[in-house]
Amino acid sequence: MKNPKRYLITAALPYANGLKHIGHLAGAYLPADTYVRYLKAQKRDVVFVCGSDEHGTAIPIQATKEGTTAQAIIDKYHPIIAQNFKDLGIEFDVYHRTSSPLHHETAQEFFKVLNDHGDLEIKASEQYFDEAANSFLADRYIKGTCPNCAYESAYGDQCERCGKTLSPDELINPVSALSGNKPVKKGTQHWYLPLDRHEKFLSDWILKDHATDWRNTVVGQCKSWIDGGLQARAVTRDLDWGIKVPVAGAEGKVLYVWFDAPIGYISATKQWALDHGKDWKPYWQDKETKLVHFIGKDNIVFHCIIFPVMLQLHGDILPDNVPANEFMNLEGDKMSTSRNWKLEMQDYIDDFINKENGGPQLADALRYYLTQIAPETKDSEFTWKGFQDANNSELVNIFGNFVNRAMVLMHKLCNSKVPPIYPELFDELDTEAIKAITNSKEKVESLLEQYKFRDALFEVIDLARTGNQYMQKKEPWILAKQVDENGKIKVEAQRLIDNCLHICLQMTANLAILINPFLPFTSKKICHLLKVVDKILEWKNAGKFKLLSVGYTLRPPELLFRKIDDTEVTYQIEKLHKALEASKAISEEEKAAPAFVPVKSEIVFDDFAKIDLRVGKILSAEKVEKADKLLKLGVLLGFETRTIVSGIALHFKPEEIVGKQVTVVVNLAPRKMRGIESNGMILMAEDASGKLHFVNPEDAIGEGSTVN
RNA sequence: GGCGAGGUAGCUCAGUUGGUUAGAGCACAGGAUUCAUAACCCUGAGGUCUGGAGUUCAAAUCUCCAUCUCGCUACCA
């Protein structure tokens, strides 16, 4: 969309169950803030919305963990996260929260509109129910053994150890997190958003209309979803923390968090409008609004598939682009909260910005490095050494040094004033330096429009590099040695000096404008040094040569940045490893005192007698095609040889287990897996680490022997 | 297993519709300089573009096979 009337920029709503790390910052908030600052410098009509996502089951669960209420959790994290953003110069127009009444109304209205239009489906289903607590259990409230890694405290939606997404039915030995009882299945009904009805719309809109202007990774991810066939997704849940479903017969149900969260962008816009006496409607309903969502790749499906369908059904505009970033790793490994391998915004703020030698310049240092390594096209990696290098040898040595030497020389050789210019004395170097300013402006502008923040930032630094080269070639400090008999610099030499420093100072003013979207604190500081008002930072001034008036006295030089010391880097790396060790120690402790799987409900002897267990011997074993975990086993039972499919491929290699004796349930109903019929089940014992062991007789005995 | 995104210099990444000796920054080496935060500036070294095959006058770029990394997804009685 070219020259839209107004912009609405969103950054993913942080989930208010804990602190956010620099991966989140680099993925969504920093690029969004940079883009918004650029638009605002252009005096565009733009609103930048964000806020806390405060519903969903993880919040009440976190509350149980911390021994408090869900409300207390969100009231704790909402202000901290908001403050973290402020400290790092992420400046939202509104930082709202989904627990607000305004949001509840907005989300309910949204649901009603869809429901009234017949855009939702109601489906009955069976779900786990805790009879003791008299309540349905959300996925997150069911714990059990992970079928993937055998972790015993996996949640019904995801295993925190191996990270695999699960459904409650997959858990082995599911247990209610509320009462510890085994849950029962019970009928319930839910509202669904039938995405399958909108495949054509999505496919046309994304795969045709936006095939080229959206990022590869985003289009690819969407294609994968669309081609895979879209399914109806439940938009309600049986839970008491969230937004009540505003329809009769939906008692005890709330909107599913993924449904209400993106609507948070709309309610945040409403809040902003209320606060500023504006009308929010055009921002969501007028086609001349450019809506851009900044998110991480984990959010692509919601912002490119589900939310657009919702918006379209509700009659709102669609996003013009969703520049999702990939992930940022840390010192060679994935960032992970549970493993304690992370750098939280709060940590950086404490260790750098709020330190004695800190200040906002260190917020800019982080902003610089995170933009420079932004995972725009693939996963990237934060290293402390990289941070130090980027800060010291680019930001400080190139950019900071250029500004500083221009200021110092001006004070020494030009009487602390912006020197006059003599265009008739310009040589090629001078005109090229001036041209470089305009060039940079154009390049930066075009790159920012394409969401190429990394490249745009490089162009700004490159202008400072050009400035250094120019100054080096001009050597005003050498010219200053041409003095007359009174020790005064000769007039011709002084004129050349004046020209050089005038150009360098104008370049400095331009650098302040160009770097402003990226490093806002630095821009302010340059304005201070040049004694100009912030108004000069308006983008229309970029590329101009007459930003500073001749004869104007400037402030004494002051360093823009400081270097990052080796000791700071080693300290951070040690801290990181110590945190990892600490979290390892904790999980060791948990292992030492394992949470035993609760004993199942009592059975009578007859129940047990129904199970026919026999000793068998594995004669053959091979991997099942197209399945990671399955082995097809040929098992000798004495009276016959059976084919049994077993999910142990991750634990055993086929050749290792041939010849082993095993215990087999032989009267289990046959079941097809990956097209192969399995006739029985191999018993496995599982240790604390999740490793599987065969259960077999102490001495080899005849195959087919009974086990009682 | 399927799908998606990647694999280019020690590191971080560019390489548009296939077209001269594959580029940049950082790091490294040598030189020059002193206005500047031991900064800047100049020069240099460095790559069988993951491997293999094919199409073509011409392949980092197109096709196929293999392999590794990340993400989504399937299989677990």
Side-chain angles (χ1 to χ4, degrees), chain A residues 145-148 150 163-166 170-172 215-228 296-298 300-301 326-327 329 334 369 372-383 385-386 388-390 392-398 400-413 452 454-455 457-458 461-462 464-465 467-480 497 500-501 504 557 559-563 623-631 644-651 665 668-676 678 680-684:
Chain A
T145 303
C146 173
N148 184 44
K164 179 170 168 65
T165 6
L166 302 170
E170 296 176 85
L171 286 181
I172 301 162
R215 288 186 180 165
N216 266 346
T217 48
V218 176
V219 175
Q221 188 71 233
C222 292
K223 187 174 173 352
S224 177
W225 277 89
I226 296 169
D227 290 352
K297 71 172 161 185
D298 49 337
I300 289 176
V301 64
E326 302 287 293
F327 289 155
N329 296 325
K334 276 190 269 192
Y369 182 51
Q372 203 235 35
I373 60 163
E376 289 173 7
T377 51
K378 54 185 163 192
D379 289 356
S380 70
E381 181 159 330
F382 182 106
T383 62
K385 183 79 175 62
Q388 185 191 25
D389 279 349
N392 292 3
S393 48
E394 291 175 37
L395 200 51
V396 181
N397 289 355
I398 309 283
N401 184 40
F402 171 69
V403 173
N404 189 46
R405 61 201 297 215
M407 289 297 291
V408 169
L409 276 173
M410 177 271 303
H411 277 282
K412 282 189 181 166
L413 307 178
K452 294 185 175 177
R454 212 174 41 202
D455 294 348
L457 179 57
F458 175 82
I461 298 301
D462 206 46
R465 188 174 283 119
N468 276 319
Q469 290 163 350
Y470 167 73
M471 203 186 280
Q472 200 67 31
K473 283 176 192 151
K474 284 291 185 178
E475 298 183 310
W477 53 91
I478 303 286
L479 289 168
I497 291 171
C500 170
L501 285 167
C504 287
L559 296 179
L560 291 179
F561 310 104
R562 77 165 173 86
K563 293 210 171 177
K623 272 215 69 176
V624 175
E625 292 269 315
K626 305 182 181 182
D628 287 352
K629 293 173 198 157
L630 301 181
L631 286 186
I644 296 177
V645 179
S646 184
I648 56 172
L650 294 176
H651 296 85
V665 182
L668 193 68
R671 181 180 160 122
K672 265 198 173 181
M673 277 180 276
R674 283 273 125 187
I676 302 164
S678 178
M681 175 173 141
I682 311 278
L683 295 192
M684 303 298 297

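Since the model is a prediction, treat every value here as computed from it, not as a measurement. Sequence lines set the chain letters: A, B, ... in the order given, protein chains first and strands last, and positions in each chain run from 1.
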Quick one: label [X] by what it contacts on the DNA or RNA (base, sugar-phosphate, nothing), any heavy atom closer than 4.0 Å.
{"X": "A/Lys334", "answer": "sugar-phosphate"}
{"X": "A/Arg454", "answer": "sugar-phosphate"}
{"X": "A/Leu560", "answer": "base"}

Can a side chain N or O of [X] be found less than 4.0 Å away from OP1 or OP2 on [N]?
{"X": "A/Ser393", "N": "B/A27", "result": "yes"}
{"X": "A/Lys297", "N": "B/G4", "result": "no"}
{"X": "A/Arg671", "N": "B/C76", "result": "yes"}

For nucleotides 5-11 of chain B, list the nitrogen or oxygen atoms of the protein found under 3.5 Å from its nitrogen or oxygen atoms, one pair per line.
{"from": "B/G6", "atom 1": "OP1", "to": "A/Asn216", "atom 2": "ND2", "distance (Å)": "3.2"}

### Query
Under 3.5 Å, is there a donor-acceptor pair between the side chain of A/Asn392 and the main chain of A/Lys563?
no

Integer-rounded Å distance: [N] [atom2] and [X] [atom1]:
{"X": "A/Arg465", "N": "B/C41", "atom1": "CZ", "atom2": "C1'", "result": "12 Å"}
{"X": "A/Gln469", "N": "B/C40", "atom1": "CD", "atom2": "P", "result": "12 Å"}
{"X": "A/Asn404", "N": "B/A38", "atom1": "CG", "atom2": "P", "result": "10 Å"}
{"X": "A/Asp389", "N": "B/U37", "atom1": "CG", "atom2": "C1'", "result": "16 Å"}
{"X": "A/Lys452", "N": "B/C13", "atom1": "NZ", "atom2": "P", "result": "15 Å"}
{"X": "A/Lys223", "N": "B/C72", "atom1": "NZ", "atom2": "P", "result": "19 Å"}
{"X": "A/Leu630", "N": "B/G1", "atom1": "CG", "atom2": "C1'", "result": "10 Å"}

### Query
Syn or anti for B/G7, taking syn as within 90° of 0?
anti

### Task
Return the 5'-most residue of the pair A/Val645, A/Asp227 with respect to RNA chain B, ranking by each residue's nearest nucleotide.
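Nearest-nucleotide comparison on RNA chain B picks A/Asp227.
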
### Query
Pick one: which of A/Ile682, A/Val665, A/Ile676 meets side-chain contact (heavy atoms from CB on, under 4.5 Å) with A/Ile644?
A/Ile682

### A/Asp379/A/Lys334 salt bridge by N-O under 4.0 Å criterion
no

### Check against side-chain hydrogen bond (donor to acceptor under 3.5 Å, both in side chains), A/Gln472 and A/Arg405
CA-CA 11 Å; A/Gln472 200 67 31; A/Arg405 61 201 297 215; 3.1 Å; yes

